[in-house]
Amino acid sequence: MTVIVQESVLEESCNGGSVKERQTEGKIDLAGEFIAPDSNSFGHSFRDYEKESERRAGVEEFYRVNHINQTYSFAKRKKEEYGKLEKAEMSIWECIELLNEFVDESDPDLDEPQIEHLLQSAEAIRRDYPNEDWLHLTALIHDLGKVLLHQSFGGEPQWCVVGDTFPLGCAFDESIVHHQYFKQNPDSTDPLLSTRLGVYTENCGLDKVTISWGHDEYMYLVMKGNKATLPPAAFFIVRFHSFYALHRSGAYKYLMNDEDREMLKWLQVFNKYDLYSKSKIRVNVEEVKPYYMSLINKYFPAKLRW
């Protein structure tokens, strides 16, 4: 049975407010820190990596492999390879449809196809921020980089496509999920890459930081390479939405500059909807598709290089 989402799937509404507003009841402090609720309006808890479940062992094994193999040199090679945008040519909506084939192995909360999560996130934001159409579209496209899993893109393994992201080229922070497995990562014993700053300088800006390779970084490259006209905050959200060590734990703030700190406020808004709109409630795709197609046409070319 398909249920059309008439109301936001979140209990707390930001009531269409701007990013300059402050709302503590809604668990978002737009003047600074993000306070994550323990559950959504259905009582479901999220990102519980210790909770016993049939998915727990698989999620932990995912991060073990991820943390061993995500090195500074690996991420730089992948960025160079995929930054050429030579894998395919297709529209945003064609890419969305490809994601129906995949379930994210790193996510302890979701066992539904990705298109469900994209529409849940976008519709929840649309309800609470009706005037920020760029943010609705950002929610819809934020995970499209997961097409790296598709055979036409080389069928990349999930460990280098999904999961939490983190800086490479400097020490691994203990707040990163399943941090213990970094002990087997070659960068952990490198005299330079294992230090606090590594190859970076204080407040150098996140645009200068090499992030672990995955769907976030890839979609960011696609947006840049195809000259999407979304505002800078949309690019920041797409690139760093899985960087939980930063926006959940406050790690690596010493690498941020003033522009990053402003962009982080929008990411903290988005993060609530990315995580806490996950539910079993379904969205009627055909009903909402015309609206999102209008946004795609507004901010993207008809066909993109991937």
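A salt bridge between R77 and E80 is absent, with no side-chain N of the basic residue lying under 4.0 Å from a carboxylate O of the acidic one. With salt bridges taken as basic N to acidic carboxylate O contacts below 4.0 Å, one links R64 and E61. Electrostatic pairing of E262 and K265 counts as a salt bridge here, judged by a charged N lying under 4.0 Å from a carboxylate O. Of the charged side-chain nitrogens involved, none lies within less than 4.0 Å of a carboxylate oxygen, so that E217 and K78 do not count as a salt-bridged pair.
Considering only heavy atoms from C-beta on, M223 stays 4.5 Å or farther from R239 through its side chain. With contacts defined as side-chain heavy-atom distances shorter than 4.5 Å, the pair L135/I237 qualifies. Side-chain atoms of K87 and V147, non-hydrogen and from C-beta on, never get closer than 4.5 Å to each other. Looking only at side-chain heavy atoms (C-beta outward), L140 and L119 come within less than 4.5 Å of each other. In this structure the side chain of W213 never reaches within 4.5 angstrom of the side chain of L168, judged on heavy atoms. A 4.5 Å side-chain heavy-atom check between P301 and K227 finds every atom pair outside the cut-off. Side chains of T138 and Y299 form no contact here, defined as non-hydrogen atoms less than 4.5 Å apart. No side-chain heavy atom of L267 sits under 4.5 Å from any side-chain heavy atom of F243.
You'll find the ring centres of F62 and H178 outside the 6.0 Å limit. Aromatic ring centres of Y181 and W159 lie farther apart than the 6.0 Å criterion allows.
Under the ring-ring contact (aromatic ring centres under 6.0 Å, His included) rule, W266 has a single partner from F236, W134, F235, which is W134.
For the pair N226 (side chain) and A228 (backbone), a donor-acceptor distance under 3.5 Å is absent. Under the 3.5 Å distance criterion, the side-chain polar atoms of H67 are matched with a main-chain donor or acceptor of V177. A donor-acceptor distance shorter than 3.5 angstrom exists from the side chain of W306 to the backbone of M90, with no hydrogens or angles considered. Judged purely by atom type and a 3.5 angstrom limit, Q70 has no side-chain atom pairing as donor or acceptor with the backbone of C160. No donor-acceptor pair under 3.5 Å is formed between the side chain of S249 and the backbone N or O of L246. Checked by atom type and distance alone, the side chain of N297 never pairs as donor or acceptor with a backbone atom of S294 at under 3.5 Å. Between the H179 side chain and the I176 main chain, no donor and acceptor come within less than 3.5 Å of each other. For the pair Y63 (side chain) and D164 (backbone), a donor-acceptor distance under 3.5 Å is present. A donor-acceptor pair under 3.5 Å is formed between the side chain of S212 and the backbone N or O of F166. Between the side chain of S188 and the backbone N or O of F182 there is at least one donor-acceptor pair closer than 3.5 Å.
Y72 and D190 are not linked by any side-chain donor-acceptor pair at a separation below 3.5 angstrom, with hydrogens and angles left out of the test. For E123 and Y292, the side-chain atoms include at least one donor-acceptor pair closer than 3.5 Å. In the model, H241 has a side-chain atom that pairs as donor or acceptor with a side-chain atom of D143 under 3.5 Å. There is no side-chain donor-acceptor pair under 3.5 Å between H142 and D216. Defined by atom type and a distance below 3.5 Å, a donor-acceptor pair is present between the side-chain atoms of E156 and Y82.
The minimum heavy-atom distance between M219 and I92, with the atom names listed, is CE-CD1, 4.2 Å.
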Task: From CA spacing to verdict: side chain to side chain contact (heavy atoms under 4.5 Å, CB included), Y129, Y273 - done: CA-CA 11 Å; Y129 287 79; Y273 297 89; 3.7 Å; yes
- [ ] May I have the step-by-step check of side chain to side chain contact (heavy atoms under 4.5 Å, CB included) for L255 and C204, ending in yes or no?
- [x] CA-CA 6 Å; L255 297 176; C204 61; 4.3 Å; yes
Open item on the list: Run the side chain to side chain contact (heavy atoms under 4.5 Å, CB included) test on L99 and H150 for me, step by step, so that the C-alpha distance in whole Å, both residues' side-chain angles and the decisive distance to 0.1 Å come before the verdict.
Closed with: CA-CA 8 Å; L99 293 187; H150 200 274; over 6 Å; no
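Between atom CG of residue L264 and atom CZ of residue F240 there is a gap of 10.0 Å, rounded to the nearest 0.5 Å. The line from CG of N66 to CD of Q158 is 11.0 Å long, rounded to the nearest 0.5 Å.
Atom CD of E81 sits in a crowded spot, with more than 12 heavy atoms from other residues, nucleotides or ligands closer than 6.0 Å. Heavy-atom contacts from other residues, nucleotides or ligands closer than 6.0 Å to CD of E174 number 12 or fewer. With a 6.0 Å radius and a threshold of 12 heavy atoms from other residues, nucleotides or ligands, K289 has its NZ atom above the threshold. Dense packing is recorded around NZ of K303, with more than 12 heavy atoms of other residues, nucleotides or ligands lying under 6.0 Å away.
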